[in-house]
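Everything below concerns the one structure shown next.
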2 protein chains.
Amino acid sequence: MEKNEALNALAALGQETRLDVFRLLVKTGKEGMTAGAVADALEVLPNTLSTHLAALSRSGLVAAERAGRSIQYRANLDTMQFLVTYLLQDCCAGHPELCAPIATLVNSGDPSNSGSC
Amino acid sequence: MEKNEALNALAALGQETRLDVFRLLVKTGKEGMTAGAVADALEVLPNTLSTHLAALSRSGLVAAERAGRSIQYRANLDTMQFLVTYLLQDCCAGHPELCAPIATLVNSGDPSNSGSC
DNA sequence: TCCATATTTCGAGAATACTCGAATTATATG
DNA sequence: CATATAATTCGAGTATTCTCGAAATATGGA
């Protein structure tokens, strides 16, 4: 059920530490970061962070992969894409004209960036 | 602070009843709905709904206006635009190539819809 | 003014979420 | 095998959120 996936993602991101974690992981790109590195960067206790990473993982916003002793986490942008799409569909449903500014914004901006962001 | 606005909006939408309310209000467009009509439609007690509407209002996702005895609520798409923009910026920050699919999705679709959604 | 309607506010109870210290699991290395 | 490192799981305490019945507020009409 699509709504629940969106709901889980929204709930996961609606918590400051988790939003910070996700933003940090997005910044690091495909390489991602180890759980410990995230904990250090955000100054969160490792066990507390682990709980938040588990929540992000359950909602599909991050993916985990063991690398030696560490576990590497990275943002899953497919889920973010799904979430943004879901939100846009909601906005546009029945009233496309109301959402024009959003599409405009996404389409506009630096021309060199056109087609990507 | 931009992050807190986004955080509030995410937290507001990360709750099933509130997500339902917002989606319903988006569907009704600019006219919106009275609090009572929303309560009836979603089968939520009026006082419970009032709490959720207040939360949505605080986060800027809905606007309220008294109309006689009733209070008319409508979705505030500016805030949704802000939220989607914030999420996209996060995604693209430093790694634009990773977000291309999102922009592509927004740009593509039914040509008759091009420029709006 | 009196009454009905619409909504919100208040107060309390139950459930959920967040955080932390301690213990546990998994992996690597000497 | 023993030890160190990395991360998770467990258990408990606190805080927050959700829901509801009851009471209060605001508006419109007889």
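Convention: sequence-line order gives letters A, B, ...; per-chain numbering from 1. What's counted below: heavy atoms across the whole structure, side chains too, no hydrogens, waters or symmetry copies.
Note that the CD atom of B:E31 and the CD atom of B:Q72 stand 8.5 Å from one another [nearest 0.5 Å]. Taking CD of B:E16 as the start and CG of A:L10 as the end, the distance is 12.0 Å to the nearest 0.5 Å. Rounded to the nearest 0.5 angstrom, A:L87 CG and B:M80 CE are separated by 4.5 Å. For the atom pair CD of A:Q15 and CG of A:D20, the computed distance is 8.5 Å after rounding to the nearest 0.5 Å. The CZ atom of A:F82 sits 4.5 Å away from atom CD of A:E2, with the distance rounded to the nearest 0.5 Å.
When all heavy atoms of B:A9 and B:L83 are compared, the closest pair comes out as CB-CD2, 4.2 Å. Contact between B:A39 and B:L49 at its shortest, heavy atoms only, is N-CD2, 3.5 Å. For the pair B:S59 and B:L56, the tightest heavy-atom approach, listed with the atom from each and the gap, is OG-O, 2.9 Å. Taking each heavy atom of A:L61 and A:A12 in turn, the nearest pair found is CD1-CB, 3.9 Å. Scanning all heavy atoms of the two residues, the minimum distance from A:L19 to A:L13 falls at CB-O, 3.6 Å.
Tested against B:M33 for a side chain to side chain contact (heavy atoms under 4.5 Å, CB included), the candidates B:I71, B:V38, B:V21 yield a single pass: B:V38.
Taken residue by residue, residues 4-15 of chain A places no heavy atom nearer than 4.0 Å to DNA chain D. At a non-hydrogen distance threshold of 4.0 Å, A:N47, A:S50 from residues 47-57 of chain A come into contact with DNA chain D. For the contact set between residues 59-68 of chain B and DNA chain D, defined by any heavy atom under 4.0 Å, the members are B:R66, B:G68.
A distance-only check finds no donor-acceptor pair linking the side chain of B:R23 to the backbone of B:L25 [under 3.5 Å]. Checked by atom type and distance alone, the side chain of A:T79 pairs as donor or acceptor with a backbone atom of A:G60 at under 3.5 Å. Judged by distance alone, the side chain of B:N76 and the main-chain N or O of B:A63 form no donor-acceptor pair under 3.5 Å.
Atom CZ of B:R58 and atom P of C:dT8 are 12 Å apart (whole Å). For the pair B:D40 CG and C:dT7 C1', the interatomic distance rounds to 13 Å; values are reported in whole Å.
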Polar atom pairs between nucleotides 2-4 of chain C and protein, under 3.5 Å, N or O only, would you list them?
residue : atom : partner : partner atom : Å
C:dA4   : N3   : B:R69   : NH1          : 3.3

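Residues satisfying the side chain to side chain contact (heavy atoms under 4.5 Å, CB included) test with B:A35, not counting sequence neighbours, are B:L53, B:Y73.
OP1 or OP2 of C:dA6 has not a single side-chain nitrogen or oxygen of B:Y73 nearer than 4.0 Å.
Boundaries of the chain B contact region on DNA chain D are D:dC18 to D:dG28, first to last in 5' to 3' order (nucleotide atom under 4.0 Å from a heavy atom).
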